[in-house]
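What follows is a single structure, written as structure tokens, with notes after it.
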Amino acid sequence: MDRRDSLLAALVATIWGFNFIAIDWGLHDVDPLLFVALRFVVVLVPALFLVPRPDLPWSTILTVGAFMSLGQFGFLYVAMDAGMPPGLAALVLQAQVIFTVVIAAGVLRELPTVRQATGVLLGSAGLLVVAVGRGGEVPLLALALCLLGALSWGIGNVVSRASGATGGLALTVWSALVVPLPLVGLSLVLDGPQTILDSAAAFGWQAALSTLYTAGLASLVGYGIFNTLLSRNPSAAVVPWILLAPVVAMVSAWVLLDQQPNVAEAGGGVVMIVGVLVALRSGRERGASRGRPEVGVRVSSG
């Protein structure tokens, strides 16, 4: 990755880190499945009429949406509603780094370098340190749901990378078509129509601001940039940057929610940053030594 892409990846990590605080603000009175559906309705309108459809098969567009949007955020919002704190949710969701690199290596033959693999392991160790320091009182169901969200995100990353899509914003917008109706239908089946009425009545300014942030910045801006980065860089070079998102989430929770990090959180956050730097240094060194940017090993043209 060049310097510009590295700065863009850091920006995405910052936006997504604060996103967990925004989600927590809006979840107090609104059904989590309906809240996700509303988020992606805002993503779709009016962007659907302004952004051309990506030059990809419908099967690819809908598969990316099913895993990267529907699965990831459906599981995440329900996990947070079930008791997963925003800071810890940000950490657990970063298991997607491991899932993405492993799946990309097996499916796309994008084998990480030794230094990239070391960086991912360091970052994952940092996540484990923080999770052990904070996770004692988290419901097991909430933890399992959050891990399923991470797995879904990892699969979506690899599908996006394999597609070869060059328009990250277009893929983000059009893939969101698969989200609202299934989640509204699932909410009706699980909770009944009264849930929709109650959520509409309880929808206040906090939920409105949360929706604007999660839809506008986290989805349109964040995923637009992220999908573009995946289209022109190996997965193992892009994904480790997102390990910085939990650090942003913890600092935001400390400042805004008075959730001061303990020793494990602070130490684990430092290890995560070191892991990201180690993973990314390999790309710069190899590109410099060969006189060209790093490229991934790909056998799938999408």
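Rounded to the nearest 0.5 Å, atoms CG (Leu151) and CD1 (Ile155) are 4.0 Å apart. We find the OG1-CG distance between Thr228 and Leu8 to be 9.0 Å, quoted to the nearest 0.5 Å. Of the inter-residue distances, the one linking Ser6 atom OG with Leu229 atom CG reads 9.0 Å to the nearest 0.5 angstrom. Between Leu88 atom CG and Phe20 atom CZ the span is 10.5 Å, to the nearest 0.5 Å. For the atom pair CG of Leu33 and CG of Asp191, the computed distance is 7.0 Å after rounding to the nearest 0.5 Å. Atom-to-atom distance recorded for Cys146:SG and Leu93:CG is 5.0 Å, nearest 0.5 angstrom.
One hydrophobic cluster, built from ILVMFWY side chains closer than 4.5 Å, cannot hold both Val129 and Leu121; they sit in different ones. Hydrophobic clustering of Ile, Leu, Val, Met, Phe, Trp and Tyr side chains at less than 4.5 Å, counting indirect connections, keeps Leu186 apart from Ile196. At a threshold of 4.5 Å between side-chain heavy atoms, the hydrophobic network of Ile, Leu, Val, Met, Phe, Trp and Tyr places Val263 and Trp254 in two separate groups. Side-chain heavy atoms closer than 4.5 Å link hydrophobic residues (I, L, V, M, F, W, Y) into clusters, and following such links, even through other members, never connects Val30 to Leu188. Under a hydrophobic clustering in which Ile, Leu, Val, Met, Phe, Trp and Tyr are joined whenever their side-chain heavy atoms come within less than 4.5 Å, directly or via other members, Val51 and Trp58 fall into the same cluster.
With a 4.5 Å cut-off between side-chain heavy atoms of Ile, Leu, Val, Met, Phe, Trp and Tyr, the cluster of Leu50 takes in none. Here Trp205 is tied into one hydrophobic group with Leu209, each link being a pair of ILVMFWY side chains closer than 4.5 Å.
The main-chain N or O of Asn157 is never found under 3.5 Å from a side-chain atom of Ser160 such that the two would form a donor-acceptor pair. For the pair Trp16 (side chain) and Ala218 (backbone), a donor-acceptor distance under 3.5 Å is present. At least one donor-acceptor pair under 3.5 Å links the side chain of Ser175 to the backbone N or O of Leu171. Between the side chain of Thr211 and the backbone N or O of Ala207 there is at least one donor-acceptor pair closer than 3.5 Å. Between the side chain of Thr100 and the backbone N or O of Gln96 there is at least one donor-acceptor pair closer than 3.5 Å. Formation of a donor-acceptor pair under 3.5 Å by the Ser199 side chain with backbone atoms of Asp31 is found in this model. Of the possible polar contacts, none joining the Tyr213 side chain to the Phe18 backbone as a donor-acceptor pair under 3.5 Å is found.
Asp24 is linked by a side chain to side chain donor-acceptor pair (under 3.5 Å) to nothing, counting only residues two or more places apart in sequence or in another chain. Scanning for side chain to side chain donor-acceptor pair (under 3.5 Å) contacts around Asp55 gives an empty result, with sequence neighbours left out. Contacts of Asp5 classified as side chain to side chain donor-acceptor pair (under 3.5 Å), with partners at least two apart in sequence or in another chain: Arg232, Asn233.
Leu122 and Val271 make their closest contact through O-CG1, 3.1 Å (heavy atoms, listed as atom of the first residue, atom of the second, distance). Taking both residues in full, the closest heavy atoms of Thr60 and Leu56 are given as CG2-CD1, 4.4 Å, listed atom of the first, atom of the second, then distance. In terms of heavy-atom proximity, Ser187 sits nearest to Thr195 at OG-CG2, 4.1 Å. The minimum heavy-atom distance between Ala22 and Ser210, with the atom names listed, is O-OG, 2.6 Å. Shown here for Phe99 and Gly154, the closest heavy-atom pair between the two residues is CB-CA, 4.4 Å. Nearest heavy atoms, Ala176 versus Phe40: CB-CD2, 3.7 Å.
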Exercise for the section: Please step through side-chain contact (heavy atoms from CB on, under 4.5 Å) for the pair Leu197 and Gln194, ending with a clear verdict. Expected result: CA-CA 5 Å; Leu197 298 176; Gln194 187 61 41; 3.9 Å; yes

Handout entry: Steps toward side-chain contact (heavy atoms from CB on, under 4.5 Å) verdict (Thr14, Leu244)
Key = CA-CA 7 Å; Thr14 302; Leu244 296 176; over 6 Å; no

Exercise for the section: Run the numbers on Trp241 and Phe226 for side-chain contact (heavy atoms from CB on, under 4.5 Å), then give the verdict. Expected result: CA-CA 10 Å; Trp241 276 100; Phe226 189 67; over 6 Å; no

Practice task
Start with the C-alpha gap between Thr214 and Asn19, add the side-chain angles, then the distance that decides, and say whether side-chain hydrogen bond (donor to acceptor under 3.5 Å, both in side chains) holds.
Solution key: CA-CA 6 Å; Thr214 57; Asn19 188 49; 5.0 Å; no

Tell me which donor-acceptor pairs under 3.5 Å the side chains of residues 62-82 have, and how far apart each pair is, sequence neighbours excluded?
residue : atom : partner : partner atom : Å
Thr63   : OG1  : Ser59   : O            : 2.6
Gln72   : OE1  : Tyr223  : OH           : 3.3
Gln72   : NE2  : Met68   : O            : 2.8
Gln72   : NE2  : Tyr223  : OH           : 2.6
Tyr77   : OH   : Arg39   : NH1          : 3.0

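Partner of Pro86 under the side-chain contact (heavy atoms from CB on, under 4.5 Å) criterion, out of Leu257, Ile23, Leu91: Leu257 alone.
The side-chain heavy atoms of Leu128 and Ser124, taken from C-beta on, include no pair separated by under 4.5 Å. The side-chain heavy atoms of Leu34 and Leu183, taken from C-beta on, include no pair separated by under 4.5 Å. At least one side-chain heavy atom of Val43 sits under 4.5 Å from a side-chain heavy atom of Leu220. Side-chain contact between Val42 and Ser219: absent, with no pair of heavy atoms (C-beta onward) separated by less than 4.5 Å.
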